[in-house]
Amino acid sequence: MNGENKRNDVIYQLDGKVPIDKAIPFGLQHILAMFVANIAPIILVGGASKLEQNQIAALIQISMIVAGIGTLIQLYPIWRIGSGLPIVMGISFTFVSISSFIGATYGYEALVGAVLVGGIIEGLLGLCAKYWLKFITPIVSACVVTAIGFSLLGVGAASFGGGFGVQDFGSVTNWILGTITLLTCILFNIFAKGFYKQLSVLVALVVGFIVAVFMGVADFNHVKEVPLIALPQILPFTPEFNPSAIIAMTLIFFVSATETVGDTSAVAASGLNRDVTQKELSGSIAVDGFLSVFSSIFGCLPITSFSQNVGLVAMTHVVNRFAIATGALIMIAAGVFPIFGALLATLPEAVLGGCTIMMFGSIVISGFQMMSKCGYTQRNMTISALSLAIGLGFTSMPEIFNLFPQMVKNVFAENCVAVVFVIAMILNLILPANMEVFEPEQEEFNQK
């Protein structure tokens, strides 16, 4: 497809009605890219909080409904809540560590109460964003986006190997599944024509799944046990408001807001080839907060923008809201009709890893492109180099934070995005605005 036809195809435009038979594959591609990561936090936190299996199953169900509703509001804002950008929402991994700690220490009811209060605070923070977003300059956003990409590379590698904590991690079977999926994604992207080229992730996932079935890896046993239809229960856990849990959770909500700024900026830059607006950032953060409140009412964890899908947008440049909305409707259906969710859950993690490793790399490249647009001044290079070096370096050795209180370690020790954001913000505030411009060509000429 030439450049002109590509610009005219509605799937590469934010608005416009895509035929439903064309929209569903793109929506399904987004859902398959994030489905496992959307339910994994529930399983991890539920286990740490000593919940029963039927309780965890009910939370998985509501996680899909909340993710679908959140995505629809993100795509089609209500009042000032929502960005109007092609952002897919899901249950956030950012909160897994602190949620597991709160659930195990104070009980799951205290966790629900902390999510409710923290969500309200982040939602209000989003609505008041015009008063503080001016301090997050483009170079700070670029550093955050790059950090998000780097932080996900390990997640992609873990998926490629079979998933966190599995007994056959890195086995021959997982290597075969991950490699076949990755090669399918690359080859389809090279040889497919027209808009079909942008369905490379979906095709690769389908091919990988078929191979997994023939290899006997796909497990369909649990599909037989799920009910045909199930409706979520309001307040399955009575919220308890523990001050320590609320303070710790609110700090992580601030970190989540930072990641949302990065994700929203990356979608605008890679998908729409423009800078994000203050209104879009404000609405995106507000969705994070207020939909987390909605999630807590049903006993579920916080919701946020999904970086996996930001990488998918960066890869495919498919930004049509209607096409992505079909995926949100599939998620809601998967929650109301658990059989759909059970079928999606049979996708082996190694198959997902074969695609996500490329998507996460695309986020890193998007961050570099954003840095390039900011310009290679000495000031920008100092901010990006030091924030990434400290953020990625220190969190790779979390023991370096042992000097600090437990709450500080919970926020920063293993979250490079939070550290990169804090360092970039501090440097952006204290460095002089008129630092000497770095000119590589002139420097090379002087050395000669």
So, do [X] and [Y] sit near enough that their side-chain heavy atoms are less than 4.5 Å apart?
X	Y	value
Phe95	Val115	no
Thr304	Thr260	yes
Leu301	Ser92	no
Met315	Ser200	yes
Leu281	Ser265	yes
Met371	Val145	no
Phe237	Leu51	yes

Looking at [Y], is its backbone amide N or carbonyl O close enough to the side chain of [X] to form a donor-acceptor pair, meaning the two atoms are under 3.5 Å apart?
X	Y	answer
Ser63	Ile60	yes
Asn38	Ile91	yes
Tyr108	Gly299	yes
Arg274	Ala269	no
Thr105	Ile102	no
Arg321	Pro86	no
Gln74	Ile87	no
Arg379	Asn428	yes
Ser256	Ile252	no
Ser292	Ile303	yes

For [X] and [Y], work out which heavy atoms get closest and say how close.
X	Y	result
Ala334	Met64	O-CE, 3.4 Å
Leu32	Leu205	CB-CD1, 3.4 Å
Gly271	Val313	CA-CG1, 3.8 Å

Report the distance from atom [atom1] of [X] to atom [atom2] of [Y], rounding to the nearest 0.5 Å.
X	Y	atom1	atom2	value
Ile148	Ser305	CD1	OG	7.0 Å
Thr395	Phe150	OG1	CZ	11.5 Å
Ile423	Ile383	CD1	CD1	11.5 Å
Ile324	Thr71	CD1	OG1	9.0 Å
Ser295	Ile297	OG	CD1	9.5 Å
Ile139	Met381	CD1	CE	10.0 Å

Answer with yes or no whether the side chains of [Y] and [X] bring together a donor and an acceptor at under 3.5 Å.
X	Y	value
Ser270	Ser362	no
Thr277	Glu280	yes
Ser284	Ser83	no

* Asked: Among Asn242, Ile246, Ile247, which residue meets the side-chain contact (heavy atoms from CB on, under 4.5 Å) test with Ser244?
  -> Asn242

* Asked: Which of these, Asn309, Leu312, Leu352, sits in a side-chain contact (heavy atoms from CB on, under 4.5 Å) with Met34?
  ->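 Between Met34 and the candidates, side-chain contact (heavy atoms from CB on, under 4.5 Å) is satisfied uniquely by Asn309.
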
* Looking at Phe322, is Lys17 sitting on its ring face, NZ or CZ under 6.0 Å from the six-membered ring centre and within 45 degrees of the normal? ->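 Yes, a cation-pi geometry.
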
* Asked: Could you walk me through whether Glu259 and Thr94 pass the side-chain hydrogen bond (donor to acceptor under 3.5 Å, both in side chains) check?
  -> CA-CA 9 Å; Glu259 295 178 349; Thr94 302; 2.7 Å; yes

Is the number of heavy atoms from other residues, nucleotides or ligands under 6.0 Å of [X] [atom1] greater than 12?
X	atom1	value
Lys130	NZ	no
Ile430	CD1	yes
Lys409	NZ	yes
Leu124	CG	yes

* **Check: Phe412 ring centre within less than 6.0 Å of Phe394 ring centre** =>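 Aromatic pair excluded; centres sit 6.0 Å or further apart.
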
* Take Phe368 and Thr146 through the test side-chain contact (heavy atoms from CB on, under 4.5 Å) and record every step on the way to the result. => CA-CA 7 Å; Phe368 289 157; Thr146 307; 3.7 Å; yes

* Asked: Would Ile121 and Phe254 count as a side-chain contact (heavy atoms from CB on, under 4.5 Å) if you check the C-alpha gap in whole Å, the side-chain angles of each, and the deciding distance to 0.1 Å?
  -> CA-CA 9 Å; Ile121 293 173; Phe254 291 151; 4.1 Å; yes

* What do the steps show when you test Phe135 against Leu429 for side-chain contact (heavy atoms from CB on, under 4.5 Å), and what is the final call? -> CA-CA 8 Å; Phe135 296 108; Leu429 292 172; 4.1 Å; yes

* To do: For the pair Leu111 and Val45, evaluate side-chain contact (heavy atoms from CB on, under 4.5 Å) and give the outcome as yes or no after the intermediate values.
  => CA-CA 10 Å; Leu111 172 58; Val45 175; 3.7 Å; yes

